[in-house]
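Counting starts at 1 for both ligands and their atoms, in listed order. This one's a predicted model, so the numbers in the text were calculated from it and none came from an experiment. Note: hydrogens, waters and symmetry copies are ignored here, and every other heavy atom, side chains too, is used.
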Amino acid sequence: MIYKKRSCSQIVIILVALIVFTFTACKSLNQKTTAEAGLKDVSEFPIGTAININKLINDQALMALQISNFNSITATGDMKMRSILPFENEFNWKKADTLLYYANKHNQRLFGHNLIWHSSTPKWVEEKGANDSLWLGEFMKDYIHKYVGRYKGKVAGWDVVNEAFESKGGAYRKTFWYNNLGKEYIANAFRYAHEADPEAVLFYNDFNIERDTSKLDAVLKMVEKFKKEGVPIHGIGFQMHIRMDTPNEVIAYSLEKAAETGLQIHLSEVDIIFNSHNDERLGGIENYSSITNEMKLAQAEKYKNLVLMYRSIVPKEQQFGITFWDFTDRDSWIKGFFNMKDWPTIYDDDLKPKPAYYGFLEGLKVEIEKK
Ligand code: 9MR
């Protein structure tokens with residue numbers, strides 16, 4: 001190897017160049033950090049996302065965005081009964097444990113979704129419970145005690161019962177649980193969860209309650225009854241799977257009504273679509289097959305307004321947080337589930353922030369009159 005001798009003036013030039021380079025690099029890094037303050041950094045309440053833990057830990061780009069934006073995490077499917085207890089006596093804690101490890105490592109709140117949901121009841125439970133409601137009642141108690149007990153003090157809150165009312169109107173959904181245990185199963189699930197972890201914040205979680213006032217009334221009636229009877233319910237989860245044409249006035253009214261209960265309010269599964277989903281889950285209606293700039297800006301405005309409504313209507317001490325249901329259009333459940341195109345989230349298919357991201361961010365930052 002040949003080392004060239006450098007003159008003194010050459011060395012000085014190199015040193016100056018190095019100093020200038022280092023200074024510029026540091027400055028631009030600092031600027032980047034400030035410019036890229038994530039959603040959680042400008043929010044007064046937790047900002048969460050639901051996610052599939054395996055997808056998350058195997059995708060560096062997704063993980064970087066998740067860490068910079070969120071301080072709360074929910075499993076899309078990994079903490080449901082079908083995942084936790086797929087076969088009799090075969091508890092599968094692996095993914096929930098990984099989620100907990102991840103949440104702790106990145107200083108995020110772990111939210112438990114969910115304990116009882118008709119759509120995630122394992123087949124073996126349905127078969128066994130259909131002929132034996134005594135067994136089913138005991139099973140539910142044991143399951144909740146064991147599960148919530150295992151994560152006592154580690155999972156901050158739970159969706160104890162999910163979607164116990166019909167999609168529309170105020171009737172209880174005639175689910176496997178309802179048919180075999182009667183509507184008491186709901187109150188009992190809350191009691192068991194509270195016994196297992198008295199500190200956990202316990203939610204009833206449902207969809208359409210931001211737009212269907214009959215359904216909301218029925219949920220609120222149940223909540224009031226629980227409060228009167230001492231059933232330990234602490235929060236209402238508005239899934240908030242909304243559409244661009246869901247009127248803001250109705251959303252505001254619903255949040256106001258729910259906030260009057262004094263309970264925690266969680267926007268628990270937020271996304272905003274352009275097309276129509278069918279609530280009976282028979283597919284969607286695809287009115288838009290591509291997205292224009294104008295649509296992107298309108299969505300940004302809708303996201304901004306949603307945060308503003310949450311901030312201005314829900315009193316600070318009741319703001320449990322806002323959680324996205326996946327945060328990229330690439331990963332959102334909407335397209336697959338309703339078999340239609342859509343752009344429901346704040347990041348696009350290439351993991352780039354959409355105007356919706358900046359709308360949401362703006363909604364968090366704008367000064368408002370405090371409640
Ligand atoms: O997004 C979730 C999807 O990945 C799961 O396969 C599915 C079944 O477990 O559940 C989806 O999440 C639902 C949530 O648990 C309850 N509200 C509606 C959500 C979308 O279907």
Side-chain angles (χ1 to χ4, degrees), residues 48-59 62 66 70 72-86 92 95-96 98-99 110-123 125-126 143 147 155 157-168 173 175-177 186 189 202-212 215-216 219 235-243 246 266-273 275-284 321-340 342-347:
T49 184
I51 204 117
N52 171 307
I53 189 65
N54 280 350
K55 186 183 272 180
L56 180 65
I57 58 182
N58 288 308
D59 184 334
L62 189 70
Q66 201 281 338
F70 302 106
S72 180
I73 188 166
T74 304
T76 40
D78 297 331
M79 288 180 73
K80 291 170 183 164
M81 195 184 278
R82 270 195 198 156
S83 173
I84 295 291
L85 193 51
N92 175 12
K95 289 184 183 165
T98 312
L99 268 150
L110 178 56
F111 184 73
H113 175 86
N114 51 46
L115 295 173
I116 303 294
W117 185 32
H118 60 281
S119 280
S120 192
T121 307
K123 215 170 169 32
V125 175
E126 286 179 346
Y143 176 77
Y147 189 7
V155 168
W158 293 91
D159 284 332
V160 177
V161 178
N162 195 41
E163 302 175 6
F165 286 84
E166 294 291 355
S167 304
K168 292 192 195 107
R173 195 186 281 274
T175 67
F176 161 78
W177 297 94
I186 305 174
L202 304 181
F203 284 82
Y204 174 73
N205 191 52
D206 214 326
F207 62 94
N208 281 359
I209 52 176
E210 75 288 340
R211 81 187 81 155
D212 180 339
K215 181 165 179 175
L216 177 71
V219 169
I236 301 172
F238 282 79
Q239 293 187 3
M240 208 57 84
H241 295 294
I242 58 174
R243 292 178 3 194
T246 311
H266 186 195
L267 308 192
S268 57
E269 307 186 10
V270 172
D271 43 38
I272 306 180
I273 63 169
N275 290 309
S276 308
H277 33 45
N278 183 317
D279 290 332
E280 305 310 326
R281 310 191 159 187
L282 303 170
I322 299 184
T323 299
F324 294 90
W325 206 248
D326 272 312
F327 64 95
T328 74
D329 287 350
R330 184 193 72 181
D331 298 332
S332 167
W333 63 292
I334 296 278
K335 285 181 273 189
F337 198 84
F338 296 104
N339 193 23
M340 65 181 185
D342 220 295
W343 310 269
T345 75
I346 51 173
Y347 278 86

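Looking at N162 against ligand 1, only its side chain comes within 4.0 Å, counting heavy atoms. Neither the backbone nor the side chain of F207 has a heavy atom within less than 4.0 Å of ligand 1.
Interface of E163 with ligand 1, defined as ligand atoms under 4.0 Å from a residue heavy atom, comprises 16 (C), 17 (N), 18 (C).
Of the options H266, E210, E163, a side chain to side chain donor-acceptor pair (under 3.5 Å) to Q239 is made by E163 and by none of the others. With respect to E269, the side chain to side chain donor-acceptor pair (under 3.5 Å) criterion is satisfied by exactly one of T76, T74, T323, N205: N205.
Looking at W333, W117, W325, F338 and measuring to atom 21 (O) of ligand 1, the nearest heavy atom belongs to W333.
Taking the centre of each ring, F207 and H241 stay at or above the 6.0 Å mark.
Ligand 1 has an N or O atom lying under 3.5 Å from an N or O atom of Q239, backbone or side chain. Remark: ligand 1 and E269 share an N or O pair separated by less than 3.5 Å (distance only, no angle test). Polar contact check, H113 against ligand 1: a nitrogen or oxygen pair lies under 3.5 Å apart.
Side chain of Y143 to backbone of I116: no donor-acceptor contact under 3.5 angstrom is found.
Residues satisfying the side-chain hydrogen bond (donor to acceptor under 3.5 Å, both in side chains) criterion with K335, sequence neighbours excluded, are D349. Every residue two or more places apart in sequence or in another chain was checked for a salt bridge (charged side-chain N to carboxylate O under 4.0 Å, His left out) with D212, and none qualifies.
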